[in-house]
Amino acid sequence: MDKTFRAFDPHQVLLLPPSLDEWLPEDHLARFVAELVDEVLDLGPVLADYTEKRGYPPYDPRLMVRLLIYGYTTGIRSSRAIERKCADDVAFRFLAADQAPDLATGRLKHEEQVPPAPRGRIPKDATLKERMARKLRTKPGKAAYSRRKAIVEPVFGQIMTCQNGRRLLMRGENGARGEWRLLAACHNLSKIFRHAGTAGLTALTG
């Protein structure tokens with residue numbers, strides 16, 4: 001073959017450790033989210049919840065909030081999907097400082113069936129999954145659960161399309177309300193980023 005191609009060696013060893021910061025464009029949304037969490041948001045209420053000193057040290061709340069906001073802004077909302085992105089997506093790896101947090105929630109897997117729930121009063125020592133199974137077996141529970149797939153009004157079309165917000169993942173009234181507020185906040189943040197970029201956030205905080 002006479003054609004000359006650029007050098008390509010998949011097994012080339014890097015002389016210096018790679019820097020995720022160099023792989024991400026300066027005007028990337030992930031940089032906006034990182035600065036928002038590190039410089040603007042007050043995480044005091046979140047930090048105040050960490051009172052237990054036993055066990056293995058937890059992940060830094062800034063890391064988790066970064067991933068949550070960026071994921072919900074870009075339509076990656078499932079904890080398992082976020083965990084996978086921390087391994088194969090540069091933006092997520094940048095936000096997590098190349099850590100790979102385990103975001104297991106204890107929820108049912110997609111192929112896992114709701115376990116049979118016996119009738120009667122719910123035991124005091126029942127787990128959250130067992131309590132949810134009881135509720136899903138009742139007529140009100142089935143009716144409430146079926147409404148989770150209802151399509152929202154057209155004014156929320158952008159959240160549905162761009163943020164994968166066709167249905168809520170959190171269960172229970174408080175969880176659903178909190179998740180919807182997060183979706184709405186991330187929708188607004190994406191608008192701020194599109195209009196002002198990282199430079200606008202810097203001017204706002206300065």
Side-chain angles (χ1 to χ4, degrees), residues 14 16-50 56-107 152 155-172 174-206:
L14 297 176
L16 297 174
S19 171
L20 292 174
D21 185 73
E22 296 177 357
W23 290 1
L24 206 62
E26 288 295 330
D27 58 349
H28 199 281
L29 173 63
R31 294 187 185 276
F32 177 84
V33 171
E35 186 172 349
L36 175 75
V37 174
D38 296 350
E39 305 295 339
V40 179
L41 297 185
D42 177 16
L43 300 184
V46 178
L47 295 171
D49 243 9
Y50 286 85
Y56 198 75
Y59 289 102
D60 192 312
R62 292 176 301 166
L63 181 156
M64 307 304 285
V65 175
R66 280 176 166 203
L67 295 178
L68 196 63
I69 291 179
Y70 185 75
Y72 267 73
T73 302
T74 57
I76 309 298
R77 297 162 51 213
S78 161
S79 58
R80 297 184 183 95
I82 292 176
E83 186 176 340
R84 288 193 297 270
K85 287 290 184 180
C86 287
D88 57 25
D89 186 282
V90 172
F92 277 91
R93 291 178 64 180
F94 167 82
L95 291 169
D98 212 19
Q99 297 187 47
D102 180 3
L103 300 177
T105 61
R107 292 172 51 186
V152 296
V155 292
F156 302 116
Q158 194 168 5
I159 290 179
M160 292 169 55
T161 304
C162 301
Q163 296 176 240
N164 194 25
R166 290 185 176 275
R167 62 177 183 174
L168 300 178
L169 303 179
M170 300 300 294
R171 302 193 171 111
N174 291 335
R177 183 182 293 111
E179 184 178 10
W180 175 250
R181 288 174 176 172
L182 178 59
L183 277 168
C186 290
H187 176 70
N188 291 334
L189 288 174
S190 66
K191 286 186 175 181
I192 294 174
F193 172 72
R194 284 198 301 270
H195 289 290
T198 54
L201 182 62
T202 302
L204 183 65
T205 56

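The shown structure was predicted, so the numbers you read here are calculated from the model rather than taken from an experiment. This chain uses plain numbering: 1 for the first residue, then up along the sequence.
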(request) List in chain and number order the residues that pass ring pair (Phe, Tyr, Trp, His ring centres under 6.0 Å) with F193, two or more places apart in sequence or in another chain; answer none if no residue qualifies. (result) F32
(message) Measuring only between side-chain heavy atoms, which start at C-beta, is S190 closer than 4.5 Å to L29?
(response) no
(request) Supply the atom-to-atom distance L36 CG to L41 CG, rounded to the nearest 0.5 angstrom. (result) 4.0 Å
(message) Can you tell me which residue among T73, V33, L68 is in a side chain to side chain contact (heavy atoms under 4.5 Å, CB included) with C186?
(response) T73
(message) Can you tell me how far apart OG (S78) and CZ (R84) are? Round to the nearest 0.5 Å.
(response) 6.0 Å
(message) A side-chain contact here means heavy atoms from C-beta on lying under 4.5 Å apart; do E179 and L169 qualify?
(response) yes
(message) For F94 versus A34, what's the shortest heavy-atom pair and its separation?
(response) CE2-CB, 4.2 Å
(request) Report yes if the side chains of L168 and L183 come closer than 4.5 Å at any heavy-atom pair, otherwise no. (result) yes
Determine all donor-acceptor pairs shorter than 3.5 Å in which one atom belongs to a side chain in residues 57-65; sequence neighbours excluded.
| unit_1 | atom_1 | unit_2 | atom_2 | d |
| --- | --- | --- | --- | --- |
| D60 | OD1 | R62 | N | 2.8 |
| D60 | OD1 | R62 | NE | 3.3 |
| D60 | OD2 | R62 | NE | 3.3 |
| D60 | OD2 | R62 | NH2 | 2.9 |

(request) Kindly write out the residues that satisfy side chain to side chain donor-acceptor pair (under 3.5 Å) with Y70, not counting sequence neighbours, or none if the list is empty. (result) none
(request) Mind checking side chain to side chain donor-acceptor pair (under 3.5 Å) for R177 and listing every partner two or more places apart, or none if nothing turns up? (result) E173, N174
For residues 42-49, tabulate all N or O donor-acceptor pairs below 3.5 Å that involve a side-chain atom, not counting sequence neighbours.
| unit_1 | atom_1 | unit_2 | atom_2 | d |
| --- | --- | --- | --- | --- |
| D42 | OD1 | G44 | N | 3.0 |

(request) Output the distance between atom NE2 (H187) and atom CH2 (W180), rounded to the nearest 0.5 Å. (result) 8.5 Å
(request) For N188, enumerate each residue passing the side chain to side chain donor-acceptor pair (under 3.5 Å) test, keeping only those at least two apart in sequence or located in another chain. (result) none
(message) Between R66 and D38, does any side-chain N to carboxylate O distance fall below 4.0 Å?
(response) yes
(request) Check whether any side-chain N or O of R31 sits under 3.5 Å from a backbone N or O of L24 as a donor-acceptor pair, and report yes or no. (result) yes
(message) Please report the interatomic distance CG(L20) to CZ(R93), rounded to the nearest 0.5 Å.
(response) 5.5 Å
